[in-house]
Trainee: 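First, the structure itself, so that you have it in front of you.
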Amino acid sequence: MALSTLEEPASGPGSAGALFSTPGLLFVAVVAGACAWQGYDLPILFASTILVLILLVRFWSRAALMKISYRRQLESYRAFPGDTVKCDCTIDNRKPLPLVWVDILDRIPDAIMPEADDLPDGFAKTDDGLSLSTALLWYQKASWVQKLRCRRRGYFPLGRTLLTSGDLFGLLPRSRQEPTDQILIVYPRIFDLGQLGLPTRAPLGELRLGNPLYTDPLLFRGLRDYAPEIPLRHIHWKATARTGILQAKTFDPSSTLKAVIVLDASSYSDVDEQNTDARFEQAISAAASVAAYLIRSGITVGFAANAMLAGGGSSIAIAPKAGLDHLSVMLESMAKITRASLSFGPFLKEAESLFAAGTSIVVVTGGLEPSARVRLARLRRRGHPISLLLVGDSAPDEPSLPCQRITAPLAGWSQ
């Protein structure tokens, strides 16, 4: 990890004041010179002692944080709520000057802060993170392990570590911030669909996962006599010319089933922030659980959400793919979701490029706005199977669209 070049005197009660500043040093030097000029032995001794002390304090203060490195290494940068992630920390004094004292302030978000019982010896919790005061001899290294507790879903940059040290007497402390690009991403909770209160048979309502309605034009099966419901582009003209009877191609059903999960984040912008936050986390976990269920069923799955993202981004639009690696991509995007959101109706229009022919759509919502209801009805008329997952006590039923209600209790969803 690269070291920051920012070093500055620490402010507050520990500052030594004007005596150890450059003007103070010059003043004492002038006094010592004047005493020497006049031949005052005792004042010379006193002024010289103070001058040496000032020079020693200033030198030690400036040299204290030189060749000091602080490193933090996470065991894993991806986790689920309830997991414990080990964080190895090391501070190394790579110079012949000992550090009689050094204060370390490790800025860690509250949501992943270690439990008090898991703190290493000497550490204490503060409003800004974890603090430690220690000492290092010349060329000495100290290491410890922090156990980060992942309490909830989120995107957690680990803040810059503040190192403070100084002279032997603590008269002129200096501080430096260690930069970090480490981010711990905590995925949403994943449940079996039965745990969400969904029926064990057809848990996603209208979605037809085992009986695809669409054929694959690359999987040619054979010929049959033409019928009015067959598209003209499927007529086999050579076979028609040979037999004198209109012949049409037949195809095997598509081997790739597609579904897109769409989260309506704007439906969770109520004034009751505490209850809404729990429902919002429940909705995100429902979307993650459905994604995991479909991926494990061999379905090609995409994800879209009208939510602002931590770390940058105004929405999510992930094209359908298959496999557990793709599931990790979707879970990471869900971990970054915040409460800020765009209007759902216009967002659905922008996301239509994800809805290829025959794609099933699962909408996780706390209640549809009118423009979204109209657009979903239009998508259904185009042949897209649609299922609504209603999350929240106030979520109204949608009689024009098939609905399932998440009835699992709130306990444990937002913690």
Side-chain angles (χ1 to χ4, degrees), residues 1 3-4 10 65 68-93 99-137 140-165 175-191 195 274 277-278 280-282 284-285 288 310-311 328 331-332 334-338 409-415:
M1 180 185 297
L3 294 179
S4 170
L65 294 179
I68 291 289
S69 64
Y70 181 83
R71 292 179 176 84
R72 185 169 49 196
Q73 183 66 41
L74 297 181
E75 177 186 36
S76 173
Y77 293 89
R78 303 292 184 273
F80 284 93
D83 288 350
T84 298
V85 177
K86 291 183 179 180
C87 178
D88 295 317
C89 302
T90 302
I91 185 169
D92 188 6
N93 181 20
L99 293 182
V100 178
W101 64 276
V102 58
D103 293 339
I104 302 168
L105 178 60
D106 213 347
R107 296 187 176 97
I108 297 176
D110 289 339
I112 58 174
M113 182 74 73
E115 298 288 351
D117 295 341
D118 294 333
L119 290 178
D121 293 339
F123 271 90
K125 286 187 178 181
T126 70
D127 293 339
D128 297 322
L130 296 179
S131 66
L132 170 69
S133 293
T134 187
L136 290 173
L137 297 177
Q140 186 181 20
K141 180 187 299 184
S143 301
W144 58 89
V145 176
Q146 298 172 355
K147 296 180 180 179
L148 305 183
R149 293 294 182 96
C150 303
R151 295 175 178 81
R152 61 178 176 84
R153 172 198 69 86
Y155 174 90
F156 303 111
L158 275 66
R160 293 188 169 197
T161 300
L162 181 67
L163 302 180
T164 303
S165 187
S175 296
R176 183 180 73 204
Q177 294 192 78
E178 297 293 292
T180 178
D181 55 358
Q182 295 168 318
I183 297 170
L184 178 58
I185 293 179
V186 182
Y187 294 150
R189 298 179 186 272
I190 295 180
F191 299 89
Q195 293 178 277
Q274 182 175 1
D277 185 63
F280 186 52
E281 294 301 319
Q282 191 177 21
I284 295 173
S285 278
S328 297
L331 292 178
E332 183 167 323
M334 295 178 191
K336 298 179 180 180
I337 288 175
T338 69
L410 283 176
W413 286 75
S414 61
Q415 301 297 323

Trainee: Sequence neighbours left out, what passes side-chain contact (heavy atoms from CB on, under 4.5 Å) with Thr338? Give chain and number order.
Mentor: Met308, Ala310, Ala340

Trainee: Mind listing the side-chain donor-acceptor pairs of residues 109-117 below 3.5 Å, one per line with the distance, residues two or more places apart or on another chain?
Mentor:
unit_1, atom_1, unit_2, atom_2, d
Glu115, OE2, Arg151, NH2, 3.3

Trainee: Between Arg153 (side chain) and Ile284 (backbone), is there a donor-acceptor pair under 3.5 Å?
Mentor: no

Trainee: Would you check if Leu74 and Leu184 make a side-chain contact, meaning some heavy-atom pair closer than 4.5 Å?
Mentor: yes

Trainee: Are Ile104 and Leu162 side-chain neighbours, meaning at least one heavy-atom pair lies under 4.5 Å?
Mentor: no

Trainee: Report yes or no: do Asp92 and Tyr70 form a side-chain donor-acceptor pair below 3.5 Å?
Mentor: no

Trainee: Any salt bridge (Lys or Arg N to Asp or Glu O under 4.0 Å) involving residues 76-91? Give me the pairs, sequence neighbours left out, ordered by first then second residue.
Mentor: Arg78-Glu332

Trainee: Do you see a donor-acceptor pair shorter than 3.5 Å between the side chains of Thr90 and Arg71?
Mentor: no

Trainee: Out of curiosity, Leu105 CG to Leu132 CG, how far, rounded to the nearest 0.5 Å?
Mentor: 10.5 Å

Trainee: Is there side-chain contact between Ile183 and Tyr77, with at least one heavy-atom pair below 4.5 Å?
Mentor: no

Trainee: With sequence neighbours left out, write down each residue that passes side-chain contact (heavy atoms from CB on, under 4.5 Å) with Leu137, or none if nothing qualifies.
Mentor: Gln140

Trainee: Just how far is it from atom CD1 of Ile337 to atom OH of Tyr155, taken to the nearest 0.5 Å?
Mentor: 14.0 Å

Trainee: Please round to the nearest 0.5 Å and tell me the distance separating atom CG of Asp106 and atom OG1 of Thr161.
Mentor: 4.0 Å

Trainee: Using every non-hydrogen atom in the two residues, find where Ala288 and Ile190 come nearest and quote the distance to one decimal.
Mentor: CB-CG1, 4.2 Å

Trainee: So do the side chains of Trp101 and Thr164 get within less than 4.5 Å of each other, counting heavy atoms only?
Mentor: yes

Trainee: Verify the distance criterion only: is there a donor paired with an acceptor across the side chains of Arg189 and Gln282 at less than 3.5 Å?
Mentor: no

Trainee: Applying ring pair (Phe, Tyr, Trp, His ring centres under 6.0 Å), name anything that partners Phe123, two or more places apart in sequence or on another chain.
Mentor: Trp144

Trainee: Distance from Leu65 atom CG to Asn93 atom CG, nearest 0.5 Å?
Mentor: 10.0 Å

Trainee: Measuring only between side-chain heavy atoms, which start at C-beta, is Val85 closer than 4.5 Å to Cys150?
Mentor: yes

Trainee: Using side-chain hydrogen bond (donor to acceptor under 3.5 Å, both in side chains) as the criterion, point out the one residue from Arg149, Gln146, Lys147 that pairs with Asp118.
Mentor: Arg149

Trainee: Would you say that Leu136 contacts Ile91 through its side chain, given a criterion of any heavy-atom pair below 4.5 Å between the two side chains?
Mentor: yes

Trainee: Using 0.5 Å steps for rounding, measure from the OG1 atom of Thr134 to the CG atom of Leu99.
Mentor: 9.5 Å

Trainee: Enter the distance from Ile185:CD1 to Leu331:CG here, rounded to the nearest 0.5 Å.
Mentor: 11.0 Å

Trainee: Using modelled atom types only, decide if a donor and an acceptor are shared between the side chain of Arg176 and the backbone of Leu163 within a distance under 3.5 Å.
Mentor: no

Trainee: Could you list all the side chain to side chain donor-acceptor pair (under 3.5 Å) pairs where at least one residue sits in residues 121-133, not counting sequence neighbours?
Mentor: Asp103-Ser133

Trainee: Could you report the tightest heavy-atom contact between Pro188 and Phe80, atom names first, then the distance?
Mentor: O-CD2, 3.4 Å

Trainee: Show the numbers, then the answer: is there a side-chain contact (heavy atoms from CB on, under 4.5 Å) between Arg72 and Leu158?
Mentor: CA-CA 10 Å; Arg72 185 169 49 196; Leu158 275 66; 3.5 Å; yes

